[in-house]
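Below, read A as the first sequence line, B as the second, and so on, with proteins coming before strands; counting in each chain starts at 1.
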Amino acid sequence: FTAGNPKWKRNNLTYRILNYTPKMRQADVEEAIQKALSVWSNVTPLTFQKVENKEADIMISFAYRDHRDNSPFDGPNGQLAHAFQPGEGIGGDVHLDDEEFWTKDGRGYNLFIVAAHELGHSLGLSHSNDPGALMYPTYSYTDPKEFLLPQDDINGIQAIYGKSNAAVQPTGPTTPQACDPNLTFDAITTLRGEIIFFKDRYMLRKHPERAETELNFISLLWPKLPSGIQAAYENIERDEVLFFKESKYWVLRGYDIAPGYPKPIYHLGFPKTVKRVNAAYSDETTGKTYFFIADRYWRYDENKKSMDHGYPKKIASNFGKIGRVDAVFQKDGYVYFFHGTTQFQFDPRAKRIVKKTRSISWFNC
Amino acid sequence: FPMTPEAEDEGKTLRLVESYLQNFYNLQRDRQPHLRHHGENPLAAKLKEMQAFFGLQVTGKPDLNTLEVMKKPRCGVPDVGRYV
């Protein structure tokens with residue numbers, strides 16, 4: 001919260017767009033601002049009405065360097081925008097640095113994301129230290145089509161203005177905590193010696209030489225990848241990582257997604273009855289890749305580039321009682337299966353589970 | 001003599017750290033350096049505050065991770081104090 005807890009005394013607020021950036025179509029600017037306002041009106045009793053030719057509570061403008069509010073902008077990058085807490089005059093106003101490359105997609109800086117953040121200040125919120133929160137100070141891109149206001153921001157704004165009038169209270173995503181005993185994973189892969197754990201729109205990166213775990217948005221490293229990756233595996237031989245979501249897959253070569261992807265998983269030989277892949281790992285020594293789907297698994301020959309015959313087979317028949325597989329990866333000859341908050345260490349030579357631990361055992365909690 | 005590249009880098013880093021902490025962590029601009037009071041260096045104290053906010057290791061020193069965060073594009077509103 002902003003010191004002094006400033007808030008608007010009314011719920012029905014007005015806004016006005018004073019000018020436009022030449023970098024976007026006017027209609028796209030207006031759409032971005034409207035969507036940014038609805039981020040907050042969807043979770044509170046607040047309403048926003050657009051006005052023209054008169055003073056509004058929230059005046060939105062694009063400004064350049066010194067624009068007479070004692071807070072000059074600094075040119076491209078650096079400070080992208082700022083906004084003032086609720087109050088008369090400049091109170092509530094949003095200023096956007098017109099030297100930024102404003103866009104409505106992932107290039108440059110997405111106007112919707114930045115405007116939604118600044119409007120949080122206009123309504124009385126200050127910065128949050130939750131890295132997944134919209135009110136976190138640094139910019140991070142999320143596809144506007146996939147944007148959901150995080151729970152941290154919902155808690156903050158509802159503490160000021162109360163809950164939404166909607167019959168069903170909106171909720172938002174929370175940011176994974178590495179040492180949360182209830183943490184489960186969507187997918188896991190190795191990547192050049194590191195282990196990458198995927199959860200919603202996040203990735204937790206664990207480097208063997210570093211004690212702490214790094215949390216990032218997937219979009220920070222790979223903007224072309226969607227959130228909610230369902231399976232991933234590394235083909236060490238070819239220095240590639242494959243990512244799976246629904247019936248599509250992407251290939252990471254080096255540190256970039258290869259052109260021409262995503263492709264349908266059926267190119268790998270899956271029958272059309274298969275709609276998604278739950279988990280996958282590739283055995284570097286045999287050149288065989290194992291795909292886990294529901295209670296069965298397929299085996300793919302990386303050299304022949306085709307599925308082996310005689311599959312699918314029951315997971316239990318070869319890997320023991322590990323249930324459905326959420327995520328799996330192979331390291332130092334062992335295969336680590338994750339099911340909910342449980343992790344099974346499987347020895348493929350002895351063909352048996354040799355250890356059972358918590359899912360977060362890799363994070364030095 | 002021309003500044004050695006290391007010294008120049010250091011100067012640049014110090015300027016980045018100072019302006020970041022002045023903009024976002026209320027580090028007072030040092031108008032009368034010769035009057036600097038004794039006790040912890042205010043810059044180190046503010047740096048620790050910034051590192052704590054971002055969940056970085058609190059060292060009071062501008063290490064690589066800290067500089068990486070400082071270089072990220074961000075909102076111009078300070079992380080602490082009021083913005084009026």
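Scanning all heavy atoms of the two residues, the minimum distance from A:Leu80 to B:Pro73 falls at CD2-CB, 3.9 Å. Across all non-hydrogen atoms, the minimal contact from A:Gln79 to B:Gly76 is OE1-CA, 3.3 Å.
For A:Glu118, the part lying under 4.5 angstrom from a heavy atom of chain B is the side chain only. Only the backbone of A:Ser128 comes within contact range of chain B, with at least one heavy atom under 4.5 Å from a heavy atom of that chain.
Take A:Trp222 and apply the ring-ring contact (aromatic ring centres under 6.0 Å, His included) test, not counting sequence neighbours, and it matches A:Phe243. Partners of A:Thr44 by side chain to side chain contact (heavy atoms under 4.5 Å, CB included), not counting sequence neighbours, listed by chain and number: A:Leu46, A:Ile157, A:Tyr161. Evaluation of the side chain to side chain contact (heavy atoms under 4.5 Å, CB included) rule for A:His67 yields A:Ala63, A:Asp69, A:Phe73, A:His82, A:His95 as partners, not counting sequence neighbours.
Atom NE2 of A:His127 is separated from atom CZ of B:Phe24 by 8.5 Å, given to the nearest 0.5 angstrom. Note that CD of A:Glu212 and CG of B:Leu56 are 9.5 Å apart. Values are rounded to the nearest 0.5 Å. Between the CG atom in B:Asp79 and the CG atom in A:Asn129 there is a gap of 9.5 Å [rounded to 0.5 Å].
Against chain B, the residues from residues 130-138 of chain A that qualify, each with a non-hydrogen atom under 4.5 angstrom away, are A:Tyr136, A:Pro137, A:Thr138 in number order.
Atom NZ of A:Lys23 has more than 12 heavy atoms from other residues, nucleotides or ligands within 6.0 Å. For A:Asp66, the CG atom counts as densely surrounded, since its 6.0 Å shell holds more than 12 non-hydrogen atoms of other residues, nucleotides or ligands. With a 6.0 Å radius and a threshold of 12 heavy atoms from other residues, nucleotides or ligands, B:Gln57 has its CD atom at or below the threshold.
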Quick one, B:Lys72 with A:Ser140, criterion side chain to side chain contact (heavy atoms under 4.5 Å, CB included). Give me CA distance, side-chain angles, the key distance, then yes/no.
CA-CA 9 Å; B:Lys72 286 185 176 179; A:Ser140 58; over 6 Å; no

